[in-house]
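Notes follow once the structure below has been shown.
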Amino acid sequence: MSLRFYNTLTQELEEFSPAEGKTVRMYTCGPTVYHYVHIGNFRTFTFQDILRRTLIARGYVMDHVMNITDVEDKIIRNAMAAGQTLKEYTSQYTQAFLDDSALLRLQRPERLVFATEHIDDMAAAIGKLAASSHTYVSEGSTYFRIGSFPEYGKLSHTNFSGNIAGARVQVDEYDKDDARDFVLWKAQKPGEPGWETPLGPGRPGWHIECSVMAMKYLGETIDIHTGGVDLIFPHHENEIAQSEALTGKRFVRYWMHAQHLMVEGQKMSKSLGNFYTLRDIVERGYQPESIRYLLASSQYNKQLNFTFDGLKAAATSIERLRNFDLRLKNDRLAAGLNAEMEERSARALADFHAGLDDDLNTADALAAIFEYVREANTALDAGQFLAGNVASAGRLLAEFDAIFEVLKPTGTAGSLSDAEIAGLVEERAKAKKSKNFARADGIRNELLEKGVVLEDTKDGVRWKRK
RNA sequence: GGCGCGGUAGCCAAGUGGUAAGGCAGAGGUCUGCAAAACCUUUAUUCGCCGGUUCGAUCCCGGCCCGCGCCUCCA
């Protein structure tokens, strides 16, 4: 089976292959760093992480660019209110975003690019658009004239050709020729930060940064462009207009959009007060990998309703997989190889990848893993899982974890060392031998309080960090 | 109104024209000093509703109802 992705542009499931060789040129719309990003944002970033990891597992080499929007209305407003420079203000949230991403085990894109470091590139691009009469100036700001781009609307599948669309909002949009026109360069207002360019003093509009940085680093036609569904219109529509007006070439081959994370059936938003940051979740005692699993475990193309019950279920599901992993490492197995188990692991592996290949159907992929784990546990209980079967089972888990990466617990600072734990485990074993169960249970509880779980198995004591 | 995503067991969630994956939760059992883990059994005669096509539809067609998102900054 081949890799297939749903392309927003064509509204079809398409077989994926990069334009050139094994390199995938991918652009991701990153955060606007005026605040801590919430877990809804991270749903989209987690989708992108699963996407890259799937491509890498397929043998592709990523050239992935993510932007950080570090100049924008809210940033300017907040920074001015805080008496900080843009840089001072945004750097703290950029760092928070990177920290949270690391906690969620999101792979760093090959390049992280900042809007404020590409002002000249943007000014040059806008100048070029002006030279080919795609723009006009109004009150010191430069606008893109969508009437100059006949294909406008092709991504969001909206027909703007009539005159009805513009008529409705013309009242309050006096400075634009057409209500759908968007700003490329905003004139500087008194007291606001700005840049001196041939376009006059001001700052870039939001859309131009993505077009310019994507093409600067990835070329005029890129393979994959991702974001949340809310970016389809107008942001990505505008990116297409600018980019294709500039180059005359197709800007993006595959457009992929993640559906939103919901909370209690509603979109996460500040006005509803129903948004959570990763920090909020971690403070409540949940592991970051539980959120990662929750966000990754259903297909990106479907709305996902966030609940704490779901988060708990995610944590338990991870535990099940970790326990199986521990069994593989700790159980004493008879020598030999059970051919049937080999077949089952091979089938699970194939099903796992088939699920991912099918437009990142992670729910389906996961089912293959769990089904195998149950089969293997049954065989382990029955003594039919042999030493020779460990390798293929381990490989299956490794390939699973190369995508989902949830098996390793997030280390908690100040916990006991392995040696200390081993000492207590030893002491408990002695207590048990002399039937001093009170002491034995005492040690177990003591360790539990420090985040270490002891489990007696027929092959001896096994422990794990919670 | 336009465009899009959905409506499958208590919750989350796959799926196929031939009789419903997987996870979590619940119940009973096996194992165990206890616990944990693991396993077994059990939990949808039914897949929003109504028609149609078919030997047969949850899956195809038509209509309808409901939820959500975008259409203004937004992952």
Side-chain angles (χ1 to χ4, degrees), chain A residues 6 8 11 28-32 34 37-48 72-74 153 155-160 164-165 169 172-173 179-180 206 226-235 237 257-262 265-270 293-294 297-307 309-324 326-327 330-331 351 355 358 361-382 432 435-438 440-441 444-445 448 453-458 461-464:
Chain A
Y6 181 82
T8 308
Q11 298 182 298
T28 286
C29 285
T32 300
Y34 71 102
V37 305
H38 58 60
I39 57 172
N41 299 301
F42 275 120
R43 197 231 174 155
T44 300
F45 297 128
T46 302
F47 142 64
Q48 284 145 186
E72 176 265 358
D73 288 352
K74 285 187 282 275
L155 181 68
S156 55
H157 304 99
T158 313
N159 182 8
F160 293 107
I164 305 145
V169 259
D172 50 313
E173 297 287 357
R180 307 285 165 169
W206 175 38
T226 66
V229 284
D230 53 340
L231 297 187
I232 295 171
F233 187 87
H235 187 232
E237 198 73 75
H257 294 95
Q259 285 287 337
H260 282 144
L261 181 73
M262 317 294 289
Q266 301 284 131
K267 179 183 165 180
M268 229 183 235
S269 76
K270 282 175 197 156
Y293 182 93
L294 180 65
S297 59
S298 65
Q299 197 190 19
Y300 76 95
N301 207 11
K302 303 270 173 71
Q303 286 177 351
L304 170 62
N305 194 25
F306 173 83
T307 63
D309 279 350
L311 190 55
K312 283 178 201 139
T316 314
S317 298
I318 293 172
E319 270 310 295
R320 180 169 172 78
L321 298 173
R322 286 180 181 168
N323 285 329
F324 176 67
L326 282 176
R327 275 195 98 168
N330 293 348
D331 280 18
D351 288 350
D358 183 18
N361 190 339
T362 47
D364 197 27
L366 239 22
I369 300 297
F370 280 102
E371 194 174 344
Y372 171 79
V373 167
R374 193 192 61 244
E375 290 167 348
N377 270 321
T378 303
L380 280 160
D381 282 359
K432 270 180 67 176
K435 301 263 190 255
N436 183 356
F437 293 120
D441 291 352
R444 189 167 63 195
N445 288 332
L448 187 61
V453 181
L454 293 195
E455 293 170 356
D456 294 329
T457 74
K458 63 177 164 51
V461 182
R462 156 180 119 177
W463 62 266
K464 62 191 177 191

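Within every chain, numbering begins at 1; the chains are lettered A, B, ... in the order of the sequence lines, protein sequences first and strands thereafter.
- Within the nucleic acid shown, A/Gly227 comes within 4.0 Å of sugar-phosphate atoms alone, with no base atom in reach, counting heavy atoms only.
- For A/Tyr293, there are no ring pair (Phe, Tyr, Trp, His ring centres under 6.0 Å) partners, not counting sequence neighbours.
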Distances under 3.5 Å between protein N/O atoms and the N/O atoms of nucleotides 3-7 of chain B, please, pair by pair.
residue	atom	partner	partner atom	Å
B/C3	O2'	A/Ser156	O	3.2
B/G4	OP1	A/Gln11	NE2	3.2
B/C5	O4'	A/Gln259	NE2	3.4

Pair up each side-chain donor or acceptor in residues 372-381 of chain A with any protein partner under 3.5 Å, not counting sequence neighbours, and list the distances.
residue	atom	partner	partner atom	Å
A/Glu375	OE2	A/Arg344	NH1	3.2
A/Glu375	OE2	A/Arg347	NH2	3.4
A/Asn377	OD1	A/Arg327	NH1	3.0
A/Asn377	ND2	A/Val373	O	3.3
A/Thr378	OG1	A/Arg374	O	2.9
A/Asp381	OD1	A/Arg327	NH1	3.2
A/Asp381	OD1	A/Arg327	NH2	2.9

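- Across the protein-nucleic acid pair, A/His260 atom NE2 and B/G67 atom C1' stand 16 Å apart, rounded to whole Å.
- A search for side-chain contact (heavy atoms from CB on, under 4.5 Å) contacts involving A/Asn445 returns nothing, not counting sequence neighbours.
- Scanning for salt bridge (charged side-chain N to carboxylate O under 4.0 Å, His left out) contacts around A/Asp358 gives A/Arg4, with sequence neighbours left out.
- Listed by chain and number, the residues in a ring pair (Phe, Tyr, Trp, His ring centres under 6.0 Å) with A/Tyr6 amount to none (sequence neighbours excluded).
- Across B/C70, B/A75, B/G69, the shortest atom-to-atom separation from the side chain of A/Met262 is found for B/G69.
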Letter per nucleotide, 5' to 3', of nucleotides 22-33 of chain B [B base touched, S only sugar-phosphate touched, - untouched; heavy atoms, 4.0 Å]: SSSS-------B
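- A/His260 pairs by the side-chain contact (heavy atoms from CB on, under 4.5 Å) definition with A/Val229, A/Asp230, A/Met262, A/Lys267, not counting sequence neighbours.
- Comparing atom distances between the A/Gln266 side chain and each of B/U72, B/A75, B/C68 picks out B/C68 as nearest.
- When the C1' atom is compared between B/A20 and B/U45, the two are found 11 Å apart, to the nearest whole Å.
- For A/Thr378, taking side-chain heavy atoms from C-beta onward, the closest of the listed nucleotides B/A75, B/C71, B/C40 is B/C40.
- Counting only Watson-Crick and G-U wobble pairs whose two distances sit under 3.5 Å, RNA chain B takes part in these stems of three or more pairs: B:1-7 with B:65-71, B:10-12 with B:22-24, B:26-30 with B:38-42, B:48-52 with B:60-64.
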Taking N or O atoms only and anything under 3.5 Å, show me the protein contacts with nucleotides 46-49 of chain B, one pair per line.
none

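- The gap from the C1' atom of B/A9 to that of B/G48 amounts to 15 Å, rounded to the nearest Å.
- Every residue meeting the side-chain contact (heavy atoms from CB on, under 4.5 Å) condition with A/Thr362, not counting sequence neighbours, appears here in chain and number order: A/Ile50, A/Leu356, A/Phe404.
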Result block: side-chain N/O donor-acceptor pairs under 3.5 angstrom for residues 309-321 of chain A, not counting sequence neighbours:
residue	atom	partner	partner atom	Å
A/Thr316	OG1	A/Lys312	O	2.9
A/Ser317	OG	A/Ala313	O	2.9
A/Glu319	OE1	A/Lys464	NZ	3.3

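- Nearest heavy-atom pair, A/Tyr34 versus A/Lys74, reported as atom, atom and distance to 0.1 Å: CZ-CE, 3.3 Å.
- Between A/Ile232 and A/Phe324, the residue anchored nearer the 5' end of RNA chain B, judged by the nucleotide with its closest heavy atom, is A/Phe324.
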